[in-house]
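Note sheet for the following structure.
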Amino acid sequence: MKKNESYEEFVKGIWRDNPVFAQVLGMCPMLAVTNSAINAIAMGMASMFVLVGSSFLVSIFRNVIPKQVRISCFIIIIATFVTIADYTLLALVPKVHKELGAFIPLIVANCLILGRQEAFASRYPTRLAVMDALGMAGGFLLALFSLGAVREILGDGALFGVRIFSENFEPWIVMILPPGGFLTLGVILLFFNWFKYKKDEFLADVAEAERSGN
Amino acid sequence: MENLPWIFISALLVNNFVLTYFLGLCPFLGVSNSLETSARLGLATTFVMLVTAVCAWVLNTYVLIHAPYLRLICFIVVIASTVQFIEMLIKKLSPALFRAMGIFLPLITTNCAILGLAIFATNRGYGFVEGIVYALGAGIGFTLALVLLAGLREESELSNIPKLIQGTAMNLIIAGVLSMAFMGFAGLFSSS
Amino acid sequence: MSSDTLKQAPAPSSLRLVMTLAIAGLVSGIAIIGIYESTLPTITANKARELREAVFKVLPGVSRMQALVYRDGRIQAVTEPEKDEPVVYGGYDEAGDFVGYAMPGAGPGFQDTIALLYGYMPRERQVVGMEILESRETPGLGDKIYKDAEFVAEFSALSVEPEIVTVKKGTGAQPNEVDAITGATISAKAVVRIINETHVAWAEQLPAPGTEPPLAGESTDDGATP
Amino acid sequence: MKERRDPDLLLFHAPLLRQGMTTPKAMRDVIIALMPATGASLWFFGLSAVLVIGSSIAGAVLAEWLFADRASRGESLRDATGILTGLLLGLTLPPGLPMWMAFLGGFVGIALGKVIWGGLGHNLFNPALLGRAFLLATFPIAMTTWVPAGPEGGFFSAYAGNLALPFMQVQVDGVSSATPLGLFKFEQEATPLTGLMFGRIGGSLGETSGLLLLLGGIYLWLRRDLDWRIPVSILGTVIVFSAILGFFDAERFPTPMFSLFSGGLMLGAIYMATDPVTSPVTPRGAWFFGIGTGLLVMLIRVFGGLPEGVMYAILLMNAATPLIDRYTQPRVFGHGVEKKS
Amino acid sequence: MNSILVAPAIMVGIGLFFGTILAIAQRFLKVDEDPRIEKTNELLPGTNCGACGQPGCLPFAEKLVAGEVEPSQCTVSTADAIEEIAEYLQVDAGSQEKLVARLRCGGGRLQANQIAEYQGFEGCRAAALVSGGGKGCAWGCLGLADCERACTFDAIHMNANGLPQVDTEKCTACPDCQAACPRDLFELVPLSQNLYVQCNIPLAGEAATQLCRVACDACGRCAADASPGLITMEDNLPVIDYSSGGEPRPDAVFRCPTRAIVWLEREQFQDQASRKAGTA
Amino acid sequence: MRAFRFLRRNFEHGVHPAHHKKQTQDLPIQRVPFGRQFIMPLGQHIGVPSRAVVADGEPVERGQLIAEPGGFVSTALHSPVKGIVKKVGDFRGVDGRFAPAVAIEADPFATQEVDPDAAPDWRSLSLEAFIEAVQMAGIVGMGGAAFPSHVKLSVPDGVRIRHLLINGAECEPYLTTDHRLMVERPEALLEGAEILRQKLGAEETVIGIEANKPDAIETISRHLSPDQPVRIVKLKVKYPQGAEKMMIKSVFNTEVPAGRLPRDVEVNVNNVGTVVAIADYFLRGMPLIERVVTVAGPGVTYPANLIVPLGTSVRDVVRFCGGLKPGTREIIMGGPMMGRPVASLDVPVLKGCSGILVFTEEQTARRKEFPCIRCGRCLEACPYFLNPSRLARLSKARMFDEMKAYNVFDCVECGCCTFACPSNIPIVQLIRTAKDDLKNRKESDG
């Protein structure tokens, strides 16, 4: 039972309540760093580290922190984790860090992370909070990766820097430019909507069939 | 100092915070359904940006030389406090304005445009005046993008946009087109 | 569970609020300083290596370097330049003899600021190499300023007298002429302009050829020579 | 006389008379007006012009057909707007562009510029320019590779670039040239005015002959299919702006006539900016729109990084159109009139 | 070592500094606002539909806190949500019978006569302006879905017969459809009232049945048979008075020669739809 | 300046529909024979419906009062025929609704004459009594709106009327009733005008006539005596020249402020038909019981200008004109720009009905709707300088409240926008829908 519950929390973040596709949160890093798959993954991992870490802490101290200053405390906790991630990346993979540039510190301002603290971690026990954070961050990573992959494949003819088309492939440069980010995400959301719409239609058909069957 | 016009134009048009740096997208996509609200939010954000630029400069000059690693956390705390202060001020002075902004006032805190401004200005080593000009350009650029999008969205309410596209998908595509149009400003005043 | 959180009406005292924040700040301060201290050596080493690689690239035949700044009316070697202080790097060969300067420059490009480093040999009054450190130029066009080997090669022996000029592709004949990139003229011109400006800014400050400061120990060169 | 059964009466709200002009007719007029310029592009670029314009029309029409719902599939094709978009886009493309790119441009222009907004009349950006902006951002090199007028092998030969395989790179032709604007901006080299007016210059298919474009504009004006305020204000602003700049430094800045006839200004001002759907509906708004476009064109051309800015200027003003419309409502009859005492 | 001390010191310093400023600001800039209003507003559905008679959810929350309205007057909320609000505000939830919108017309395409063909904008109000939209009955439903478009809750859908079918579960008894209907055919009726007159024609006899097969021809049989006072004829239409004490029975429906009076369990026009399916 | 005033004798915007007046403009007015049944709706005018004063079965004389005014903005009704009141009850009216009306069965053997001695002596009447007499004669604006004339004549204290403006523009296509009246009864027109001018104390009478009716201008000029302060103004042919405020703008170059009346710029405007009706009542004793109607359009066999007793059904009128041609699709009461299509041939001719137009497939087939492309033609057509394009789009999106900011209530529904629209969007209908909705909600709120 218990296990099921935490599994639920995990799964909902990945698909049904996907932070990007369904809730439209965390758009800024989403678009800014997804011009290549590797950057997207690095950003996703960093966000995951921050989200899980801060959810864990916030959940532990949820009864200690006074309501009035909870936001400030959340921000301090998040900023600490972000700084840690920032320096770790700088030390370990300076190249990626340079590409991501100022967007690592900007994880602090990702509404997804603060939103999860406020909406979930500060209300639920640690275990659920961590599962939720993992799910949400996983969903975020998934979204980042899919966007990054699409943009890199079309914009550069490569994935993770490996060419996948013939030498003569003409790259779609717009894809790695800012407009490409907006357009690609818009089109992906469109597909997401279409998918949901088809599913709803299907469910409605099933319900209709059941009703008429009775 | 002769770089000031370029800094301003660059932040305003060429490197518009929203359309090329993707900063401040949450309010950009959230509030831009009404022209009036978005204009107000834009101005509020510009104001907060100016305050932020001053704070960032003070912090950089007097505090962070001793501890550069505290940059991020100092910025965020100072900005959050400032915004909260302004929020209280608005609530006291104009409840109507407060109501119109709704939940988006506290969201200015998590508006990455604000934090981004502080970080970029620091990275580029802008001084006090440059920082202010940069903030002004960025803030007005943010407002411009917001107002343009709001106008387009209000107008598109009268269009029969297919149900599937309505909402965020459409807003993103409009933003993409705007971003594409802003590409025309590339190189503005940099060659002269 | 939501109803009992709703009912906790009494507001905690201001002191408690401030104290909570202070404690959170304290803890986070400690955490941050911890990570900073533990990653600092690696980061510093990374940066130094990067810089050295760039300097060696733009100044052929150089194997040692030191930072030079203009202080008290003359160029002198320093171990660590101050914040916001303009700096150039002196490059020295195996024997410790001065070869040239690696000069950082920055300025507005097509899209955003371009930062670059170029090698300059005062004796020959020539630019001998150029490397773009940072740019957001348009992929496929503007990024040719560092992706196009032909263009980068233009800077391997370039006279700065009277100044570097950009000319239409395929027409550069004079030693001070650079062939522009088709379709990315602005970016190419920006690179040239940055070099010119940097050159002018330093022209008065650099000492006469032959009087460059000698290599001052190996302190800035952490482990360059085995 | 025996009373017959009453006829089935129709109830339709007054007024019951119509002027006779219909939207599809207006669209067809624009296509007719573009015919001289299209003809000129065929004259100058031969088969290449056919291939490029044909592909962009095909892309536009395919998108229109593909995304229309079953009920209105025929309708949206019949009103000729898809063809018009494709034709306009085709005229703004370089003659040596691969066909697949032109096709993609037409497709994207209609898909992003029209279909997702709900079809004709609902879009807020000019679809043809959107398609071109997309192409320019996507394939900057191919889109700025200009060839001199007239392929070497005569009328029935095409540039090698046209025939590149889908998604593959362009085989760049041996000779490339620059547009008059590019020449002026980067080489300080002015093209003589006669060349600008009659063609025989590097540039996109439709912009080579300013005079023929003007001719079509006059036709549209005579047919009252065009809001004359927009072209007049755009061209006027450009003239005034260049004259002022020329007053300060005649060497550095282009002459008014050069500004007027170079690049896509004529094409843009007469056919693109006047797209009724994406330009202000109020008469006062049209002036603002035109002046804004003219200023942006000159801003980008003179101070910007790009040699040409007509497309961006119009797209930017398209974005501002809802705001312009909102703040330029005409004074309503009887409002603001003091009562006579 | 020095830097290790600097960091926490700065952090604590900043924390103290801004904490103090905000604490002071809190004192001087505090706006006296009942925090319960905000909380209550959060508990409300946030649809701003106006079914409660207030211009939106926030004003409703203000009135709730002031005790001027009862939580159950928000007809959109679920029972649980209302319970929660009541518990939070420590007030009685109040009882409100579930109301649904009913259409006072049963004359769809199959029943009502058409005298002319309407062309123009698809909308009831628009059609009503053009000589009554071509429908013979000047009081009946025009069937052009103004109510469907007006409904915020997606509770109204036009059925194949051109009549609006109200989903009783989704219907929150907000007045949107009433305002939208140009013929003023919607009534908000308690769901528990089963007997319902589905006609609005003030004509009697053949004049009425000429216009529509299911028109009330004012024969008065339903009134005659019902318990005294329950059904009375007013302006050629039966009026059902549920407060009269007499028990409404489905018998009235069978006595009606035109089926203008119906017995509703849930949605309207369900039998019609199924009957059509059966006959067609 | 004065020399150039003729250049400004015009209002701005407007449209130029083909006038289609050839069909009937030279046909003399004929009298339609009396039919069997007459239906007199009690609400034929703008304002409060009249109150019936007769009962079922009561015999009535031609010209006898059958309904008295129901309030100030209301007029009397008179029996158009000698006969018997068959029923006072609900009958279908022009708007498709059922409304209270008096049905009268004509006496087939009556001579149907009006007693000429019933005319009151207008010279001896005080202004109040004169106005009441106009009300009791049932006279309303005959141009189409049917606004009770006595209300227009009741000028509050302190307001002066300088100009009496007689509207002979008849800018609606097809219609020729005013035209024929001016040609055939210029004396009556001038007599009525003189009565009104004297009673109102106006300095001059101005008759505004569109330039496409030279014979009317010529006839009236011929009947003018030099001592009469009457001026004829030739107006540009343009729709809606006959709209009150537009005509004032054309003739006096004055804009009537929004929400105000012509009297606020010292003008009183009356239609030609109204003025003739005044003359008929005060000189010949005939209240408003019949009117001139143009029957025209491609679907009618013999187009005509007819004197039709009120209450006659469209069926009877059309039958007199030789019936409908096959392919008839649409019958309009009034002009093609502002008239109403009728749902049934049984609706009666009312006081405000200036024409019965019959259209066939050919006219009705050309109205296929396209999406709005915001070409702005409607803005350049709207004589009120509204933004019909935006109003229509807002109305389609059901954003009625937003339409107030775009002055939806200033729209007079003249139809110029819809006429000019290349996309055939029923703009006027959309605007009216919104107005209707807004008014409806205001009422239910209040």
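Just the heavy atoms: all of them, side chains too, but no hydrogens, waters or symmetry mates, feed the values below.
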Please look at Ile173(A) and chain C and tell me whether the side chain, the backbone, both or neither of the residue comes under 4.5 angstrom of a heavy atom of that chain. side chain
Is there side-chain contact between Tyr89(C) and Val87(C), with heavy atoms separated by less than 4.5 Å? yes
Using ring centroids (six-membered ring only for Trp), state whether Phe49(A) and Phe81(A) fall under 6.0 Å. yes
Considering only heavy atoms, which portion of Leu177(A) lies under 4.5 Å from any heavy atom of chain C: side chain, backbone, both, or neither? side chain
Scored by heavy-atom pairs under 4.5 Å with chain A, the best of Ile32(C), Ile23(C), Thr42(C) is Ile32(C)
Rounded to the nearest 0.5 Å, how far does CG of Leu57(A) lie from CD1 of Ile77(A)? 5.5 Å
Between Tyr118(C) and Phe155(C) (judged by ring centroids, cut-off 6.0 Å), do the two rings come close enough to count as a pair? no
